Amino acid sequence: RPHSCPRHPGACTMLPLLLLLLPAAHGIAQLKYKPALTKEPPLEGVTTASTFVIDQPRCVFRGYDNAVIWLVVALDKAPFNNTAAPGTSETAFQDFPDPVRAYMTLNTTLSNYPCPKPDGDIAVLRVGSETSCAGDRMRPTCNGPLPGPGPYRVKFLALEGSVPVAETDWSTPITLREAKPPSSISVTDSGHSAGMIAITTILSILFAILLAALVATLFWGSDSCGGSSTFSKPESVTVRRYNTHHVYDQPAARL
Amino acid sequence: MAKSDDCVHILQGLLVFGNVVIGMCGIALTAECIYFVSNPDGLYPLLQATENSDIYAAAWIGIFVGLALFALSILGIIAVIKASRTLLMVYIILMLITFAFEMASCITAATHRDSLTPEVFLKQMLERYQKSEPANSSDSEITKTWDELMLQNHCCGVLGPSDWQEYTSAFRLTHNDADYPWPRTCCALDAQGLPINLDGCKLGVPGYYNSNGCYDAISGPVNTHAWGVAWFGFAILCWTFCVLIGTMFYWSGIEY
């Protein structure tokens with residue numbers, strides 16, 4: 001009888017197995033990668049009221065070809081147990097944020113994150129883009145729209161089977177945009193432009209001068225150009241010319 | 001006598017010339033105001049909805065003032081040549097009334113142009129674009145006008161697509177944020193009117209959506225309209241002022 005085996009034959013296999021499991025349980029690789037909002041290319045919709053966009057984890061999970069990469073979305077400061085299984089009620093999107101404080105979604109294999117990233121490709125993940133399954137409890141791993149402005153934290157977790165093997169760091173807290181009501185827009189007078197003030201003042205002055213001139217003309221008017229003499233209207237009636245008597249008298253006197 | 005005759009003839013000539021210019025400017029003012037009233041840029045529904053369509057009122061006044069100026073200029077020419085005191089006094093008084101109306105038109109156009117700030121249009125767009133139960137036909141007019149504006153000018157919102165994110169809106173009530181961060185008309189569309197790349201548009205990738213605001217496309221025509229009415233009217237009135245002063249001078253010199 002081999003003396004290295006303990007008394008119970010079954011325990012012969014147990015000890016090596018225990019020894020194997022212990023490193024696996026504490027052996028989740030901590031990858032030095034922090035998920036972040038996409039900065040390149042600049043996106044107008046990088047955060048909206050219910051979605052946000054992060055970069056895909058390209059060239060991060062090297063060597064984990066058999067693993068499924070999950071995205072964990074959690075409320076800021078909410079704890080997350082890496083052994084939590086995806087697709088269960090503990091990590092279902094439909095129960096987020098209460099009572100579920102963190103959910104798992106966007107599962108994919110490493111083949112969808114090819115390394116290196118081809119130039120010109122936009123490699124992003126839009127968290128919150130699936131609206132069709134947001135209320136469907138049969139789809140607990142739905143990538144549904146986020147219910148509030150957050151803040152949220154995300155990280156990637158690689159699972160082989162149901163065993164977590166690698167994870168990234170948590171991201172910095174991501175806060176979404178909050179919309180204000182349109183009644184908060186103030187439409188009170190923003191002041192008057194210089195042009196409008198100029199038009200108003202100058203025209204008012206001109207009109208006042210005209211009225212004053214009209215009054216002056218009516219009451220005192222008898223001045224014209226060329227001094228105090230007035231000019232006559234063009235003749236509308238022919239007037240017979242009169243010769244005075246003495247002009248005719250003289251020739252008669254000569255004769 | 002000769003000197004004052006010359007003086008008189010010069011004054012008559014100047015007044016006739018002044019009236020001719022007034023007549024032509026009156027026709028030009030009428031034509032310009034008819035052009036603006038005919039709504040060439042399709043912005044009338046937006047202005048009407050701001051309850052501030054006084055720019056259009058100013059243009060309407062401009063039409064009639066222009067015609068009045070033309071008629072009065074003819075009266076003025078006849079009156080100056082005939083040197084008739086009655087006709088000239090009628091001319092002066094009617095011209096003063098026309099002056100007052102045109103002054104009102106200019107000031108109205110300038111004042112109400114100042115009140116059309118981006119905030120006014122932003123608030124109107126957020127509250128009424130794609131309103132699900134249009135209270136009156138002007139709401140559906142506004143939606144149509146905005147859609148055409150965004151399609152033709154390749155723009156989105158008043159200041160940019162972020163208008164739809166920064167504020168809640170009637171549009172947001174019927175279109176959820178994840179599927180419609182901004183209306184589909186903000187996307188770059190192909191010949192059939194469908195977005196070239198819907199995901200690119202929703203993400204906001206440069207090239208697949210319209211990133212400019214439409215305020216420039218609105219304020220350009222409105223500015224042209226308002227300043228066209230206001231400044232041209234102002235110029236006519238300045239000229240009319242000189243002609244009227246000369247006419248009063250002439251009138252006071254006519255022998256009764």
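So you know, we letter chains A, B, ... as the sequences are listed, proteins then strands, and number each from 1. Everything numeric here is computed off the predicted structure, so don't read it as measured data.
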Part of [X] within contact of chain B (heavy atom distance under 4.5 Å):
{"X": "A:Glu178", "value": "backbone"}
{"X": "A:Val46", "value": "backbone"}
{"X": "A:Thr38", "value": "neither"}
{"X": "A:Ile122", "value": "side chain"}
{"X": "A:Thr48", "value": "both"}

Starting at [atom1] of [X], measure out to [atom2] of [Y] and round the result to the nearest 0.5 Å.
{"X": "A:Leu176", "Y": "B:Gln165", "atom1": "CG", "atom2": "CD", "answer": "9.5 Å"}
{"X": "A:Ile185", "Y": "B:Leu126", "atom1": "CD1", "atom2": "CG", "answer": "5.0 Å"}
{"X": "B:Tyr208", "Y": "A:Leu43", "atom1": "OH", "atom2": "CG", "answer": "12.0 Å"}
{"X": "B:Trp227", "Y": "A:Ile199", "atom1": "CH2", "atom2": "CD1", "answer": "5.5 Å"}
{"X": "A:Leu214", "Y": "B:Met89", "atom1": "CG", "atom2": "CE", "answer": "5.5 Å"}
{"X": "B:Cys106", "Y": "A:Ile202", "atom1": "SG", "atom2": "CD1", "answer": "11.5 Å"}

Under 4.5 Å heavy-atom distance to chain A, tell me which part of [X] shows up: side chain, backbone, both or neither.
{"X": "B:Leu203", "result": "both"}
{"X": "B:Ala226", "result": "neither"}
{"X": "B:Asp177", "result": "both"}
{"X": "B:Cys238", "result": "both"}
{"X": "B:Trp164", "result": "neither"}

Q | Partner chain A: residue of B:Glu119, B:Glu127, B:Met125 with the largest heavy-atom pair count (under 4.5 Å) | A |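 Most pairs with chain A among the choices: B:Glu119.
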Q | Pairs of heavy atoms under 4.5 Å with chain A: top-ranked of B:Val120, B:Asp179, B:Leu244 | A |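 That would be B:Asp179.
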Nearest heavy-atom pair of [X] and [Y]: which atoms, and what distance?
{"X": "A:Phe207", "Y": "B:Leu96", "result": "CE1-O, 3.6 Å"}
{"X": "A:Gly128", "Y": "B:Ala178", "result": "O-CB, 3.3 Å"}
{"X": "A:Met196", "Y": "B:Thr111", "result": "CE-OG1, 3.3 Å"}
{"X": "B:Trp231", "Y": "A:Gly195", "result": "CZ2-CA, 3.9 Å"}
{"X": "B:Pro206", "Y": "A:Pro42", "result": "CD-O, 3.5 Å"}
{"X": "B:Trp251", "Y": "A:Leu218", "result": "CH2-CD2, 3.8 Å"}

Q | Side chain B:Asp114, main chain A:His192, donor-acceptor under 3.5 Å | A |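 Between the backbone of A:His192 and the side chain of B:Asp114 there is no qualifying donor-acceptor contact (under 3.5 Å).
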Should we count [atom1] of [X] as having more than 12 external heavy atoms under 6.0 Å?
{"X": "A:Glu90", "atom1": "CD", "value": "no"}
{"X": "B:Arg172", "atom1": "CZ", "value": "yes"}
{"X": "B:Phe101", "atom1": "CZ", "value": "no"}

(Q) Under a 3.5 Å cutoff, is there a donor and acceptor pairing between the side chains of B:Ser162 and A:Glu44? (A)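 Checked: B:Ser162/A:Glu44 side chains pair up, N/O donor to acceptor below 3.5 Å.
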Go through [options] and name the one with the most non-hydrogen pairs under 4.5 angstrom from chain B.
{"options": "A:Pro41, A:Ala198, A:Pro181", "result": "A:Pro181"}
{"options": "A:Pro182, A:Ser129, A:Gly45", "result": "A:Pro182"}
{"options": "A:Ser183, A:Ser186, A:Ala49", "result": "A:Ala49"}
{"options": "A:Leu206, A:Leu146, A:Ile209, A:Val124", "result": "A:Leu206"}

**Q.** Note, A:Thr200 side chain near B:Met103 side chain (heavy atom, < 4.5 Å)
**A.**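 Not in contact.
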